[in-house]
Amino acid sequence: MVNHITDDMVADAPDEREALLELFAFLNRFSGYDLLFVGHNAAFDFSFLCAACNRQGFSVNFRYLDTLRIARSTLRTVPNYKQDTLATHYGLINPMAHRAESDALTCGRILLALLAEIES
C-alpha cells in the first residue's frame, strides 16, 4: 500500500497503454492550445509519465512548471518544500492529500501564492 492506495482500489485500472490512450484522448481536446502543466516535484512525476510513453512507443514533449523548484528558489523561511508544508505556509488546506484532484487544486493554489509572492 502506497499513500493509502490499496491493490483493491486499482484492481480494475486500465493497463499502461490504455491509460495513456485515455490521457491523450483527453489532452487532444486542447490541441489548439499551447499546454503547460503544473505539478509539485513535477520532474519526478513526468519522468514516470515519459518513461511509460517511451515504453509504449509514444513520442512526447511535456512542458511544465514545477512548484517545488519555484518554492526552492523563492522561499527561505519554510522548514522543507513538501507540498503539505507549502500549503500550511500559505494557509491552504488539502482535505485529501495524495489524491489527484485535491493535490492538483492545492498545487494550483500554491503556484498562485508563489507567483503573488514573486510579484510583490
Side-chain angles (χ1 to χ4, degrees):
M1 179 171 22
V2 176
N3 294 322
H4 306 285
I5 299 171
T6 66
D7 288 343
D8 288 342
M9 293 167 80
V10 296
D12 296 325
D15 66 22
E16 183 177 84
R17 184 171 192 79
E18 185 180 342
L20 289 171
L21 290 172
E22 288 179 26
L23 173 64
F24 296 146
F26 172 76
L27 294 177
N28 192 48
R29 297 180 357 197
F30 308 99
S31 63
Y33 300 92
D34 190 16
L35 294 180
L36 178 65
F37 297 90
V38 176
H40 192 76
N41 199 9
F44 177 79
D45 293 334
F46 276 93
S47 72
F48 286 99
L49 181 57
C50 289
C53 289
N54 288 336
R55 278 193 300 275
Q56 297 301 322
F58 299 123
S59 177
V60 294
N61 183 21
F62 296 110
R63 294 180 332 114
Y64 57 84
L65 288 175
D66 190 338
T67 54
L68 174 63
R69 292 189 70 192
I70 296 168
R72 283 183 173 157
S73 67
T74 303
L75 301 175
R76 299 288 180 245
T77 59
V78 293
N80 61 59
Y81 297 96
K82 295 177 183 177
Q83 182 167 296
D84 291 341
T85 302
L86 297 178
T88 299
H89 174 76
Y90 287 118
L92 305 171
I93 296 171
N94 185 349
M96 298 184 68
H98 304 295
R99 295 299 180 267
E101 183 176 3
S102 188
D103 280 356
L105 289 170
T106 300
C107 183
R109 291 178 180 127
I110 289 170
L111 176 63
L112 292 175
L114 285 166
L115 293 174
E117 192 160 334
I118 291 167
E119 199 172 74
S120 65

Side chains of residues 104-120: which donor-acceptor pairs under 3.5 Å do they make with residues two or more places apart or in other chains?
from: Thr106; atom 1: OG1; to: Ser102; atom 2: O; distance (Å): 2.9
from: Glu117; atom 1: OE1; to: Tyr90; atom 2: OH; distance (Å): 2.8
from: Ser120; atom 1: OG; to: Glu117; atom 2: O; distance (Å): 3.0

Check the hydrophobic clustering (I, L, V, M, F, W, Y; side-chain heavy atoms under 4.5 Å; chains of links allowed) and say if [X] and [Y] are grouped together.
X	Y	result
Phe62	Phe48	no
Leu49	Val10	no
Met96	Ile93	no
Val60	Phe44	no

Considering all heavy atoms of both residues, which atom of [X] and which atom of [Y] are nearest to each other, and what is their separation?
X	Y	answer
Asp66	Ala43	OD2-N, 3.5 Å
Tyr81	Leu75	OH-O, 2.7 Å
Leu65	Ala42	O-CB, 4.0 Å
Ile5	Met9	CA-SD, 3.7 Å

(message) Does atom CZ (Phe30) have a neighbourhood of more than 12 heavy atoms from anything else shown, all under 6.0 Å?
(response) yes

Would you compute the distance between atom [atom1] of [X] and atom [atom2] of [Y] and round it to the nearest 0.5 angstrom?
X	Y	atom1	atom2	result
Arg69	Asn41	CZ	CG	10.5 Å
Glu16	Leu21	CD	CG	10.5 Å
Leu92	Leu86	CG	CG	9.5 Å

(request) On the 0 to 90° scale, with breaks at 30° and 60°, tag the Phe46-Tyr64 ring pair as parallel, tilted or perpendicular. (result)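 The rings of Phe46 and Tyr64 lie parallel, inter-plane angle below 30°.
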
(request) Output yes when a side-chain donor or acceptor of Thr74 lies under 3.5 Å from a complementary backbone atom of Ala71, and no otherwise. (result)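 Flag not set: sc Thr74 to bb Ala71 has no pair under 3.5 Å.
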
(request) Check each of Arg72, Gln83, His40 against Thr67 using the side chain to side chain donor-acceptor pair (under 3.5 Å) test, and report the only one that passes. (result) His40

